[in-house]
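Structure first, then comments.
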Amino acid sequence: MEEITVSQNQTVGSVMVVGGGVAGMQSALDLANSGYFVYLLENSGAIGGAMAQLDKTFPTNDCAM
Amino acid sequence: MSFEPKIIAFCCNWCSYAAADLAGISRMEYPSNVRIVRVMCSGMVHPETVLESFELGADGVMVLG
Amino acid sequence: MDVKGSEGDFSVTVKESPRYVDMDKCIACGECAIKCPKKVTDEYNAGTGKRKAIYVKYSQAVPLKYQIDPDNCIYLNKPGRCGACEKVCPAGAINFDDKEKIHEINVGSIIMAPGFQAFNPSEANIWGYGKYPNVITTMQLERYCSATGPTEGHLIRPSDGKPARKVAFLQCIGSRDENKCGNGYCSSVCCMYAIKEAVIAKDHAPGLETSIFFMDMRTHGKDFDRYYEKAKQDSGVRFIRSRIHGVEPVNAEGDLRVHYINEDGRQIEEFYDMVVLSVGLETPKEVVNLADNLGIAMTSGNFAQTSNFLPVLTSKPGIFTCGAFAGPKDIPQSVMEGSAAAAGAAQLLSNSRGSLTQQQTFPQERDISNEETAVGVFVCHCGSNIAGVVDVENVAAYAETLPGVVYVERNLFSCSQDTQDQMAKRIREKGLNRIVVAACTPRTHEPLFRETLKEAGINEYLFEMANIRNQNSWVHGAEPKKATQKAKDLIRMAVAKVLPQKPLYQLSVDVNQTALVIGGGLAGMTSALNLADQGYPVHLVEKTDQLCGFAKRLDRTWQGEDIQPQLAQLTQRIDEHHNITLHMEAEVSAVEGFIGNFKTTVQKKDGATVTIDHGAGVIATGGKRYRPVTEYGYGKLKGVYTGIEFDVARRVGDKNTKSVKSVVFIQCVGSRQTDRLYCSKVCCTHSIATAIKLKREDPSRQIYILYRDIRSYGEREALYKKAREMGVLFINYELYGAPEVKQDAEHGLRVKVMDHVLHRPVSIQADAVVLAEAILANPDAKKIGTLFKLPVDGDGFFQEAHAKLRPVDFATEGLFVAGLAHYPKPVEESISQAMAAAARAATVLSKQSINLEAIKAEVVKENCDGCALCIDVCPYHAISLTESTNEEGITSKRVTVNKAKCKGCGLCQGTCPKRGINVAGFTLDQIREQVVAALEV
């Protein structure tokens with residue numbers, strides 16, 4: 001059975017997040033806000049991912065920006 | 001001289017004030033008669049403030065939120 | 001990107017491409033792009049518009065810094081030619097010599113969130129995409145509808161620029177289609193985004209007719225079915241259940257013909273101005289290669305392989321996944337997984353938490369209480385962005401005449417690092433104690449200048465910005481005189497507002513680094529274990545005498561993983577965990593407090609109570625299953641079961657269910673009906689999985705699934721396909737022609753239903769009828785909601801803070817939601833959300849104290865008479881009424897504000913008839929002063 005266990009070895013207190021869309025940004029923010037140094041990688045010139053291209057979002061018709 | 005109205009606009013920091021910023025980024029020209037007062041929510045604008053604005057000489061008041 | 005090492009200690013080689021623009025110098029004025037002669041297709045606008053070779057990705061981009069596209073830049077391809085951007089850049093930010101950099105980065109864990117690309121329909125060559133100009137993709141329509149898009153939100157036909165009047169949406173383009181695109185899976189999001197676009201497009205072009213051609217309408221998320229019904233009934237979007245296999249041109253103007261077979265079996269031909277292809281999601285080739293390099297196992301659909309029990313862990317230990325990399329999904333699910341992946345990484349690395357982060361320090365703050373007011377005004381040129389329109393010298397000279405102003409300075413770029421240093425120096429030298437910066441918008445730059453005030457040793461709130469760029473020079477470029485006048489007015493308003501400003505202090509509240517989890521089902525157990533592993537003490541409260549909740553009744557996940565052994569393992573870990581205190585047969589009876597400092601009282605069955613102090617809480621109170629009343633003969637006819645009852649009967653070896661030869665599943669029992677207008681999300685997949693099991697045991701069995709829409713979203717589609725291949729018969733029914741179940745004259749049961757493909761009623765003999773029952777909200781939610789002051793929606797599920805971006809947060813800080821308490825969902829999504837809730841709670845629990853923004857409501861004691869009007873309007877329940885008695889024995893009532901709960905929205909201030917409550921930094925007087933100043937001249 002798979003599980004995530006607390007590492008018993010000394011670990012490095014930083015995390016790399018690959019991709020700056022909504023999912024990656026959320027990971028990066030949560031980790032940075034709970035005591036980990038984060039490297040956020042993005043292969044284009046700005047973060048935001050596909051969501052930044054959307055006009056409105058369902059089901060509330062909120063602006064995606 | 002033609003009539004130049006003075007308009008006070010109370011803009012919510014999170015939506016209409018942001019929209020006014022975006023109008024700038026998009027270089028959308030509009031008449032310069034509006035003076036924007038930034039508020040943290042359009043709900044904080046007191047009805048008395050609106051009436052007072054007219055008393056103080058405003059020709060129009062907008063509460064945008 | 002190259003990775004060495006293992007879980008806990010990876011070494012990653014990262015290649016950073018040159019940007020050719022110095023990020024520290026670029027002020028995003030856009031002069032470079034205006035002058036750049038090279039126009040190229042804009043990827044951001046999905047090819048509907050053009051951008052220059054030097055560009056920002058989009059107008060609200062973060063970072064808002066330009067970049068040069070080296071493939072298209074004239075200078076970079078032929079040095080010596082062009083170089084226009086370098087000549088015009090006022091900040092000297094262009095650096096053609098920029099080079100690729102290689103970084104070696106040491107990290108404990110990696111989170112993969114590379115996202116998806118939209119399917120490219122031109123490859124299949126059947127819908128005319130790329131051939132007929134009026135065939136576009138949904139991403140392109142999204143850009144046409146956007147105010148920042150190529151047409152500024154006007155919906156016009158690309159062929160002739162005429163307004164579109166009739167638009168068809170074709171679903172499943174690049175999804176559920178192995179023949180034409182190789183993607184067998186369902187992309188999960190297209191049905192909803194197509195409906196949204198059809199509705200929004202109508203707003204953009206009144207009178208527009210929109211039709212959506214679909215196979216199954218997959219609106220399975222929270223509030224999606226309601227949106228679907230509204231689109232049908234209120235917006236008049238037309239829905240046609242038919243798959244379209246081709247689009248033909250009609251004439252030179254660009255009209256298009258669509259041909260289909262309708263539900264009555266008739267051939268229909270329709271004409272449209274525009275055809276929009278609802279393109280699916282797929283993993284880009286380079287991401288597949290990257291996964292391959294990293295040794296991450298992928299599914300046949302090219303998504304990261306994960307276990308349903310650990311939906312955010314890839315096959316490679318220490319490498320997590322979130323978003324569309326592990327299967328197509330919508331925004332809230334992606335955001336949830338983003339938090340869940342963070343929880344996974346934090347669990348793994350808990351022994352090194354805080355080892356690499358650092359706190360900023362600032363000098364001691366100067367006490368200004370006995371100082372004369374001394375306002376300093378800094379007028380920014382922003383290169384030529386402001387100075388090119390506004391006469392800044394004139395404005396600066398004017399500012400010197402304003403009351404209270406003792407110092408004025410002009411800066412080329414106020415935000416540059418050297419100006420910041422200089423500003424701090426001036427504040428100290430000149431003894432300034434109120435600062436006005438006339439520049440761009442406080443929304444982006446106020447935090448930066450506040451830091452400068454802190455560096456200079458004065459309170460960061462003694463500050464105001466005059467927005468003379470975004471709301472002045474940029475919008476009145478053609479009227480420099482008026483813009484100069486307006487700049488003066490704006491500075492006068494800012495000075496008037498900052499004069500009465502007092503130092504404000506962020507409220508620091510101590511955090512009790514303990515968590516409370518309510519509900520001991522799968523979600524609650526997962527949250528509790530994650531937080532406990534992260535090192536936080538956890539109290540887990542369960543109402544019944546058993547853990548595991550709803551999941552106790554389930555056999556396998558959709559991927560076929562055995563649920564009961566997993567639950568046994570979780571239960572054992574919880575029992576043994578030194579950080580977890582279990583409260584069984586206990587219910588919450590009272591709650592008080594706020595983020596960092598909650599006090600929750602829990603009452604045991606025997607009446608004993610215990611009060612738990614905690615800094616954050618996770619609400620995972622679960623759901624319950626729907627019991628059919630008398631539908632389909634339930635409770636009256638032998639052989640009619642609900643899905644779960646059928647599973648349980650088979651598990652315990654019940655003879656009748658083991659020997660069945662003909663089984664009819666009826667979907668949507670209790671779901672998607674007027675009084676319960678939502679999809680229970682799990683039942684289609686569950687019935688299909690059971691049907692496959694039945695067929696596998698005995699292929700001669702006759703299995704029928706009567707459905708309204710099959711919602712096997714994502715890679716679950718493979719199960720649907722497999723069931724069909726095994727001979728399971730799927731019959732579509734509509735609400736108006738629901739199946740009837742009767743006792744059969746001979747033996748067993750008889751089910752009658754109208755078959756929409758055969759266009760005739762069919763009658764099926766059945767040994768068992770299995771009703772796919774709905775998932776309901778836990779009726780306790782209302783009580784818990786009242787105690788914690790948390791909103792519950794019309795269906796009884798907890799309402800999250802934001803449907804898209806804060807799917808596990810409550811509007812009340814420090815409280816989070818997970819599992820069925822939020823909405824029906826399968827095991828893997830409950831686990832994701834539970835881990836996400838743990839990650840969100842950890843952002844609170846990891847701190848010994850938290851600072852809360854100082855913009856808060858304050859009661860004006862002499863004016864408040866305790867009328868309490870403000871209490872009801874406060875959306876954060878931050879205001880309460882208190883009674884006090886003075887020395888003379890006179891009792892008076894007055895409101896008090898809980899600063900930790902207040903968000904500073906000021907609804908109280910706008911409501912109070914007696915000027916009895918004010919938001920610091922935005923007081924009635926300050927707002928009034930601004931209005932007076934605005935109207936003074």
Side-chain angles (χ1 to χ4, degrees), chain A, chain C residues 8-9 12 14 44 57-58 60-62 67 105-115 139 142 145-146 192-193 196 200 223-224 227 307 309-310 313 322-323 331 334-335 337-339 341-342 344-357 533 566 569 803-804 839 842-843 846:
Chain A
M1 197 82 46
E2 292 178 68
E3 58 176 297
I4 307 168
T5 47
V6 180
S7 182
Q8 299 307 313
N9 306 322
Q10 189 49 51
T11 54
V12 180
S14 61
V15 178
M16 178 172 289
V17 178
V18 184
V22 276
M25 287 194 283
Q26 186 65 48
S27 281
L29 284 169
D30 284 342
L31 283 164
N33 280 324
S34 47
Y36 299 90
F37 193 90
V38 180
Y39 299 90
L40 178 58
L41 262 50
E42 165 60 42
N43 73 350
S44 80
I47 56 174
M51 187 175 175
Q53 284 179 280
L54 305 182
D55 173 37
K56 303 277 190 334
T57 59
F58 58 78
T60 50
N61 289 352
D62 277 1
C63 169
M65 281 295 160
Chain C
D9 191 357
V12 189
V14 176
Y44 173 71
K57 205 168 147 196
Y58 54 100
Q60 303 95 325
V62 176
Q67 66 185 106
I105 301 174
N106 191 211
V107 293
S109 171
I110 298 167
I111 294 174
M112 295 294 293
M139 193 53 116
E142 200 80 50
C145 285
S146 172
M192 266 311 277
Y193 78 54
K196 173 202 72 179
I200 300 286
D223 279 334
F224 292 5
Y227 195 88
S307 155
F309 299 134
L310 268 178
L313 182 65
C322 55
I331 294 166
S334 297
V335 172
E337 287 190 357
S339 289
Q347 192 175 3
L348 173 72
L349 306 177
S350 64
N351 66 21
S352 57
R353 171 156 49 91
S355 62
L356 293 174
T357 50
D533 273 354
Q566 172 72 10
Q569 196 196 3
K804 284 281 158 189
T843 62
S846 61

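So that the names make sense, note that chain A is the first sequence line, chain B the second, and so on, each numbered from 1.
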- prompt: Which heavy atom of F37(A) sits nearest a heavy atom of T357(C), and at what distance?
  reply: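 Residues F37(A) and T357(C), closest heavy atoms: N-CG2, 3.7 Å.
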Heavy-atom pair of closest approach, residues A23(A) and C322(C):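 For A23(A) versus C322(C), the nearest heavy atoms are CB-SG, 3.7 Å.
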Q8(A) versus chain C, the contacting section by heavy-atom distance below 4.5 Å: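 Q8(A) touches chain C through backbone heavy atoms alone.
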field: Y36(A) versus chain C, the contacting section by heavy-atom distance below 4.5 Å
entry: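 It is both, since atoms from each part get that close.
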- prompt: Between V12(A) and L356(C), is any pair of side-chain heavy atoms under 4.5 Å apart?
  reply: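 Touching, per the 4.5 Å side-chain cut-off.
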- prompt: Side chains of V38(A) and M16(A): does their closest heavy-atom pair fall under 4.5 Å?
  reply: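 In short, these two side chains do not touch, never coming nearer than 4.5 Å.
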Which of the residues [options] is involved in the greatest number of heavy-atom pairs with chain A at under 4.5 angstrom?
| options | answer |
| --- | --- |
| T843(C), D9(C), D533(C) | T843(C) |
| A346(C), S355(C), A803(C) | A346(C) |
| G344(C), G354(C), A113(C) | A113(C) |

field: Pairs flagged by side chain to side chain donor-acceptor pair (under 3.5 Å) wherever residues 14-24 of chain A is involved - sequence neighbours left out
entry: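 Pairs touching residues 14-24 of chain A that pass the test: none.
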- request: Find the one option among S44(A), G49(A), G48(A) whose heavy-atom pairs under 4.5 Å with chain C are most numerous.
  value: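 Top count of heavy-atom pairs under 4.5 Å with chain C: S44(A).
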field: Among the listed options G19(A), G20(A), G13(A), A28(A), the residue most often paired with chain C at heavy-atom distances under 4.5 Å
entry: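 Result: the option with the highest number of such pairs is G13(A).
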With a 4.5 angstrom heavy-atom cut-off, which part of [X] approaches chain A: side chain, backbone, both or neither?
| X | answer |
| --- | --- |
| V14(C) | side chain |
| L349(C) | both |
| V12(C) | side chain |
| Q67(C) | side chain |
| I200(C) | side chain |
| S334(C) | both |

task: Kindly confirm or rule out a cation-pi arrangement of K56(A) over Y193(C), judged by NZ or CZ under 6.0 Å from the six-membered ring centre and within 45° of its axis?
output: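 No cation-pi geometry.
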query: Is the backbone N or O of N9(A) less than 3.5 Å from a side-chain atom of N351(C), with the two atoms forming a donor-acceptor pair by type?
result: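 The answer is yes, because a donor-acceptor pair under 3.5 Å joins these two groups.
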query: So, does K57(C) use its side chain to make a donor-acceptor pair with the main chain of A46(A) at under 3.5 Å?
result: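 It does hold such a pair.
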task: Hey, can you tell me if Y44(C) and Y58(C) have their rings parallel, tilted or perpendicular (30° and 60° cut-offs)?
output: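 Ring orientation, 0 to 90° scale: parallel.
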